[in-house]
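Just so it is clear, the structure is predicted and the values come from calculations on it, not from any experiment.
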Amino acid sequence: METFNDIISGDKLVLVDFFATWCQPCNIMHPVLEQVKKVLTDKVRIIKIDIDKNRQTAEQYRIQSVPTLMLVRNGQILWRQSGAISKADLLNVIGPFVQ
(Lines give C-alpha, C1' and ligand atoms only; values in the text may rest on other atoms or scores of the structure.)
Protein backbone atom coordinates (compact mmCIF):
# COMPACT_ATOMS: atom_id res chain seq x y z
CA MET A 1 0.00 0.00 0.00
CA GLU A 2 1.25 3.44 -0.96
CA THR A 3 2.08 5.71 1.98
CA PHE A 4 1.87 9.48 2.15
CA ASN A 5 5.68 9.68 2.07
CA ASP A 6 5.80 7.38 -0.99
CA ILE A 7 3.38 9.65 -2.83
CA ILE A 8 5.09 12.96 -2.07
CA SER A 9 8.61 11.58 -2.60
CA GLY A 10 8.03 10.72 -6.25
CA ASP A 11 8.82 12.92 -9.23
CA LYS A 12 5.14 13.50 -9.98
CA LEU A 13 3.67 16.82 -8.89
CA VAL A 14 1.31 16.32 -5.92
CA LEU A 15 -1.24 18.75 -4.56
CA VAL A 16 -1.96 17.87 -0.93
CA ASP A 17 -5.18 19.11 0.63
CA PHE A 18 -5.10 18.96 4.44
CA PHE A 19 -8.76 19.19 5.46
CA ALA A 20 -11.30 18.35 8.14
CA THR A 21 -14.84 17.12 7.61
CA TRP A 22 -16.22 19.79 9.98
CA CYS A 23 -14.47 22.63 8.11
CA GLN A 24 -16.76 24.72 5.89
CA PRO A 25 -13.96 26.28 3.78
CA CYS A 26 -12.64 22.73 3.23
CA ASN A 27 -16.04 21.72 1.87
CA ILE A 28 -15.92 24.71 -0.48
CA MET A 29 -12.51 23.56 -1.76
CA HIS A 30 -13.71 20.08 -2.76
CA PRO A 31 -15.43 21.13 -6.04
CA VAL A 32 -12.55 23.53 -6.79
CA LEU A 33 -10.07 20.65 -6.56
CA GLU A 34 -12.29 18.50 -8.78
CA GLN A 35 -12.33 21.27 -11.42
CA VAL A 36 -8.55 21.69 -11.19
CA LYS A 37 -8.13 17.93 -11.68
CA LYS A 38 -10.29 18.08 -14.83
CA VAL A 39 -8.11 20.84 -16.26
CA LEU A 40 -4.72 19.34 -15.33
CA THR A 41 -5.75 15.67 -15.80
CA ASP A 42 -2.71 13.49 -15.03
CA LYS A 43 -0.21 16.38 -14.76
CA VAL A 44 -0.85 16.63 -11.02
CA ARG A 45 -1.96 14.12 -8.42
CA ILE A 46 -4.37 15.49 -5.83
CA ILE A 47 -4.58 13.81 -2.45
CA LYS A 48 -6.72 14.73 0.53
CA ILE A 49 -5.46 14.23 4.09
CA ASP A 50 -8.06 14.32 6.86
CA ILE A 51 -6.23 15.93 9.80
CA ASP A 52 -8.47 14.20 12.34
CA LYS A 53 -7.61 10.75 10.97
CA ASN A 54 -3.95 11.58 10.23
CA ARG A 55 -2.89 13.62 13.25
CA GLN A 56 0.76 12.55 13.07
CA THR A 57 1.12 13.71 9.47
CA ALA A 58 -0.69 16.97 10.24
CA GLU A 59 1.65 17.59 13.18
CA GLN A 60 4.72 16.71 11.12
CA TYR A 61 3.80 19.40 8.58
CA ARG A 62 2.66 21.83 11.29
CA ILE A 63 -0.86 22.16 9.96
CA GLN A 64 -2.46 24.82 12.15
CA SER A 65 -5.48 25.71 10.03
CA VAL A 66 -7.53 24.01 7.37
CA PRO A 67 -7.71 23.87 4.51
CA THR A 68 -3.96 23.94 3.95
CA LEU A 69 -2.79 23.18 0.43
CA MET A 70 0.76 22.10 -0.40
CA LEU A 71 2.37 21.48 -3.76
CA VAL A 72 5.09 18.82 -3.45
CA ARG A 73 7.54 17.07 -5.78
CA ASN A 74 10.44 14.80 -4.81
CA GLY A 75 9.61 15.38 -1.14
CA GLN A 76 10.15 19.13 -1.48
CA ILE A 77 7.38 21.59 -0.65
CA LEU A 78 7.18 23.94 -3.63
CA TRP A 79 4.23 26.02 -2.37
CA ARG A 80 1.98 26.10 0.66
CA GLN A 81 -1.08 28.15 1.59
CA SER A 82 -3.80 27.99 4.21
CA GLY A 83 -7.36 28.99 3.42
CA ALA A 84 -9.68 28.54 0.48
CA ILE A 85 -8.45 29.57 -2.96
CA SER A 86 -10.27 29.99 -6.27
CA LYS A 87 -9.82 27.62 -9.21
CA ALA A 88 -8.18 30.38 -11.29
CA ASP A 89 -5.74 31.32 -8.53
CA LEU A 90 -4.87 27.68 -7.86
CA LEU A 91 -4.25 27.01 -11.56
CA ASN A 92 -2.00 30.10 -11.68
CA VAL A 93 0.03 28.74 -8.76
CA ILE A 94 0.33 25.23 -10.17
CA GLY A 95 0.97 26.28 -13.78
CA PRO A 96 4.70 27.06 -13.52
CA PHE A 97 5.37 23.68 -11.87
CA VAL A 98 3.54 21.56 -14.45
CA GLN A 99 5.89 19.71 -16.78
Participant: Determine the minimum heavy-atom distance between Lys87 and Gln35, stating which atoms define it.
Facilitator: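 For Lys87 versus Gln35, the nearest heavy atoms are CD-OE1, 3.3 Å.
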Participant: Can you name the one residue among Leu90, Val93, Val32 that meets side-chain contact (heavy atoms from CB on, under 4.5 Å) with Leu69?
Facilitator: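 Of all the options given, the one that passes is Leu90.
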Participant: What I'd like to find out is whether the side chain of Arg80 reaches to under 4.5 Å of the side chain of Ile63, using heavy atoms alone.
Facilitator: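 They are in contact (side-chain heavy atoms under 4.5 Å apart), so the answer is yes.
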Participant: So Met29 and Ile85, do their side chains get closer than 4.5 Å, heavy atoms only?
Facilitator: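 The answer is yes, as the side chains (C-beta and beyond) meet within the 4.5 Å cut-off.
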Participant: So, taking the atom named NZ in Lys12 and the one named CG in Asn74, what distance separates them when rounded to the nearest 0.5 Å?
Facilitator: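 Answer for the NZ-CG pair, Lys12 versus Asn74, is 13.0 Å.
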Participant: Within the structure provided, determine whether Leu78 and Leu13 are in side-chain contact (heavy-atom separation under 4.5 Å).
Facilitator: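 Touching, per the 4.5 Å side-chain cut-off.
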Participant: Compare all side-chain heavy atoms of Ser82 with those of Pro67 and state whether any distance is below 4.5 angstrom.
Facilitator: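 The answer is no; the side chains never approach within 4.5 Å.
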Participant: Hey, is the main chain of Asp89 close enough, under 3.5 Å, to the side chain of Asn92 for a donor-acceptor pair?
Facilitator: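 No: the side chain of Asn92 does not pair with the backbone of Asp89.
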Participant: OG/Ser9 to CD/Gln76 distance, rounded to the nearest 0.5 angstrom?
Facilitator: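 Spacing of OG (Ser9) from CD (Gln76) equals 9.5 Å.
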Participant: Looking at every heavy atom in both Asp52 and Trp22, which two are closest together, and how far apart are they?
Facilitator: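 Looks like OD2-NE1, 2.7 Å.
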Participant: Rounded to the nearest 0.5 Å, what separates atom CD1 in Ile94 from atom CG in Leu40?
Facilitator: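 These two atoms lie 5.5 Å from each other.
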Participant: With rounding to the nearest 0.5 Å, note down the distance linking SG in Cys23 to CD1 in Ile51.
Facilitator: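 Output value for this atom pair is 8.0 Å.
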Participant: Find out if a path of hydrophobic residues (ILVMFWY) with successive side-chain heavy-atom gaps under 4.5 Å connects Val36 to Trp79.
Facilitator: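 Per the 4.5 Å side-chain linkage, Val36 and Trp79 are co-clustered.
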Participant: Which of these, Val14, Leu15, Leu33, Val72, sits in a side-chain contact (heavy atoms from CB on, under 4.5 Å) with Ile47?
Facilitator: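 Testing Ile47 for a side-chain contact (heavy atoms from CB on, under 4.5 Å) against Val14, Leu15, Leu33, Val72 leaves exactly one candidate, Val14.
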Participant: Decide yes or no for Ile49 and Asp17: does some side-chain heavy atom of the first lie under 4.5 Å from some side-chain heavy atom of the second?
Facilitator: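 Contact flag for Ile49/Asp17 side chains = no.
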Participant: Determine the interplanar angle of the Phe4 and Tyr61 rings, folded into 0 to 90°, and report it as parallel if under 30°, tilted if 30 to 60°, perpendicular if over 60°.
Facilitator: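 Rings of Phe4 and Tyr61: perpendicular, over 60°.
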Participant: Do Met70 and Phe18 touch side chain to side chain, with heavy atoms closer than 4.5 Å?
Facilitator: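 Counting from C-beta outward, Met70 and Phe18 do come under 4.5 Å.
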Participant: Locate the shortest heavy-atom distance separating Ala20 from Asp50; write the atom from each residue and the value.
Facilitator: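 Scanning both residues completely, I find the closest heavy atoms to be CA-OD1, 4.4 Å.
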Participant: Which pair of non-hydrogen atoms, one from Phe97 and one from Leu71, has the smallest distance, and what is that distance?
Facilitator: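 Heavy atoms of Phe97 and Leu71 come nearest at CD1-CD2, 3.4 Å.
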Participant: Transitively linked via ILVMFWY side-chain contacts under 4.5 Å: Val16 with Ile7?
Facilitator: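 As far as the 4.5 Å side-chain criterion goes, Ile7 and Val16 are connected within one cluster.
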Participant: Hey, any chance Ile77 and Val66 share a hydrophobic cluster, counting ILVMFWY side chains that come within less than 4.5 Å of each other, even indirectly?
Facilitator: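 Same cluster.
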Participant: Is Glu2 paired with Arg45 through a side-chain N to carboxylate O contact shorter than 4.0 Å?
Facilitator: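 Counted as a salt bridge, because a side-chain N and a carboxylate O are separated by less than 4.0 Å.
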Participant: Calculate, to the nearest 0.5 Å, the distance between atoms CD and CD belonging to Glu59 and Gln64 respectively.
Facilitator: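 Reported value, rounded in 0.5 Å steps: 11.0 Å.
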